[in-house]
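What follows is a set of notes on a single structure, which appears directly below.
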2 protein chains.
Amino acid sequence: MARVQAKVRREQLIEAAVRVAARDGVAATTTRAVAAEAGASLASVHYCFDSKQELLQEVLISIINELTGNWTTGPEDGAGAAALLRAGLGALWEVVEREPGKQQVTYELTHYALRTEGLEGLARWQYGVYYERSAQQLRDVAARAGVEWALPLPVLTRMLMNMIDGLVLGWLVDRDSELARGALNAFADTLGALTRRP
Amino acid sequence: MARVQAKVRREQLIEAAVRVAARDGVAATTTRAVAAEAGASLASVHYCFDSKQELLQEVLISIINELTGNWTTGPEDGAGAAALLRAGLGALWEVVEREPGKQQVTYELTHYALRTEGLEGLARWQYGVYYERSAQQLRDVAARAGVEWALPLPVLTRMLMNMIDGLVLGWLVDRDSELARGALNAFADTLGALTRRP
DNA sequence: GTCTATAAAGTGATAGAC
DNA sequence: GTCTATCACTTTATAGAC
């Protein structure tokens with residue numbers, strides 16, 4: 001393998017690890033498998049990372065940053081809260097169905113982090129990002145629809161985010177897209193009704 | 001170890017495996033750890049089970065049967081749908097908070113099953129049980145409240161079950177009981193409003 | 001049915017030449 | 001920075017005596 005800056009090689013290894021994890025699962029993401037996927041030697045993994053744990057941490061950060069990057073804002077202003085929520089959730093759902101493997105990895109790494117000493121904070125960071133994005137979406141919807149939420153934002157944020165999380169997990173198990181989208185839309189309408197004129 | 005019927009020893013090993021998995025995680029549930037927990041030899045595990053995979057399958061079946069056994073029906077007839085849902089969900093939540101480790105195991109084994117050839121059906125069975133219990137709860141609530149649901153039962157079932165699943169997972173990450181219960185109650189009220197006179 | 005001992009195949013991590 | 005070779009350890013599973 002050509003001589004490359006450690007920083008560059010590090011990125012290559014993270015991307016390789018993401019591919020392996022998405023395709024074969026976190027349990028099968030061994031340092032050897034990652035090295036092979038990146039076309040590098042086993043030693044290069046330990047040269048670029050202090051430990052496998054650090055590599056997996058970077059994998060989660062990479063996936064979360066990618067998946068939560070662009071939650072679209074939906075249709076034009078003036079629409080109702082429910083319609084705006086439907087549009088936003090629909091866009092999010094397309095991302096989910098496009099790469100099921102990556103979605104599975106996010107859950108696998110959550111549980112890995114929760115069980116690994118010194119990595120409990122990673123799972124909390126992950127869900128913190130989720131909640132932040134959801135809260136942002138709720139504020140945006142309210143502003144665009146010209147309404148205010150009838151319940152405390154933290155409660156609504158948690159309902160929204162955990163509902164999505166549960167729907168995704170449920171879909172990963174049975175891949176019933178029709179039912180999942182039906183529940184997603186029903187939830188959007190239900191949540192959208194929890195508004196009042198300011 | 002005393003001479004015991006294989007069937008009895010099998011149950012002892014499953015119970016030991018449940019304890020190890022709940023305490024240390026599925027990844028740490030090795031055949032050695034289970035044997036030690038049960039006070040048996042390593043060979044006894046392979047005598048009672050064809051493979052570690054079969055043991056873990058039994059662990060999931062055992063936990064699911066235990067956890068979904070008694071979803072209480074809530075207060076007396078005549079109450080509103082929302083109140084009945086709150087009562088039922090509140091009782092379920094107490095079970096959740098009582099044994100976080102076991103809850104974590106249910107998720108870990110879902111993902112283990114989804115990634116293990118020949119075990120995909122186990123995850124679908126698990127969630128099938130969840131959905132069945134949720135549907136039953138919804139039918140029961142409607143009957144007791146003297147109302148009918150305004151949306152198709154499969155959609156409501158999926159909303160209810162996946163909402164719970166997501167709330168539990170979220171709670172496992174940050175252990176914020178107050179917020180989780182707040183979202184749970186808000187969801188019960190929201191769902192309870194989706195009814196009409198028959 | 002139970003055990004000790006061991007096979008056979010992994011694993012993360014490191015030494016040291018280049 | 002990169003590699004091969006290897007260490008030290010763990011894993012599932014099995015053989016065979018009792």
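Scope of the values below: all heavy atoms of this structure, side chains included, with no hydrogens, waters or symmetry mates. Chain letters run A, B, ... following the sequence lines, proteins first, then strands; residues in each count from 1.
Under 4.0 Å is where a charged nitrogen must lie from a carboxylate oxygen, and between Arg158(A) and Asp174(B) at least one such pair does. Of the charged side-chain nitrogens involved, none lies within less than 4.0 Å of a carboxylate oxygen, so that Glu148(A) and Arg197(A) do not count as a salt-bridged pair. The pair Glu37(A)-Arg23(A) meets the salt-bridge criterion, since a charged nitrogen lies less than 4.0 angstrom from a carboxylate oxygen. Comment: Arg175(B) does not engage Glu97(B) in a salt bridge, judged by the lack of any side-chain N to carboxylate O separation of less than 4.0 angstrom.
Ile61(B) and Tyr127(B) end up in the same hydrophobic cluster when Ile, Leu, Val, Met, Phe, Trp and Tyr side chains are linked at under 4.5 Å.
Val155(A) shares a hydrophobic cluster with Leu179(B); the chain of contacts runs through ILVMFWY side chains whose heavy atoms sit under 4.5 Å apart.
Within 4.0 Å of Val4(B), counting heavy atoms only, lie sugar-phosphate atoms of the nucleic acid but no base atom.
The separation between Lys7(A) atom NZ and dT2(D) atom P is 15 Å, rounded to whole Å.
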Study note, to complete from the structure: Nucleotide by nucleotide, nucleotides 13-18 of chain C touches protein heavy atoms under 4.0 Å in the pattern (B base, S sugar-phosphate only, - none) BBB---
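In summary, of the residues considered (Val129(A), Val95(A), Leu92(A)), a side chain to side chain contact (heavy atoms under 4.5 Å, CB included) with Thr68(A) occurs for Val129(A) alone.
The aromatic rings of Trp93(B) and Trp171(B) lie perpendicular to each other, with more than 60° between the two planes, well past the 30° mark.
Contacts of residues 9-30 of chain A with DNA chain D (heavy atom under 4.0 Å): Arg9(A).
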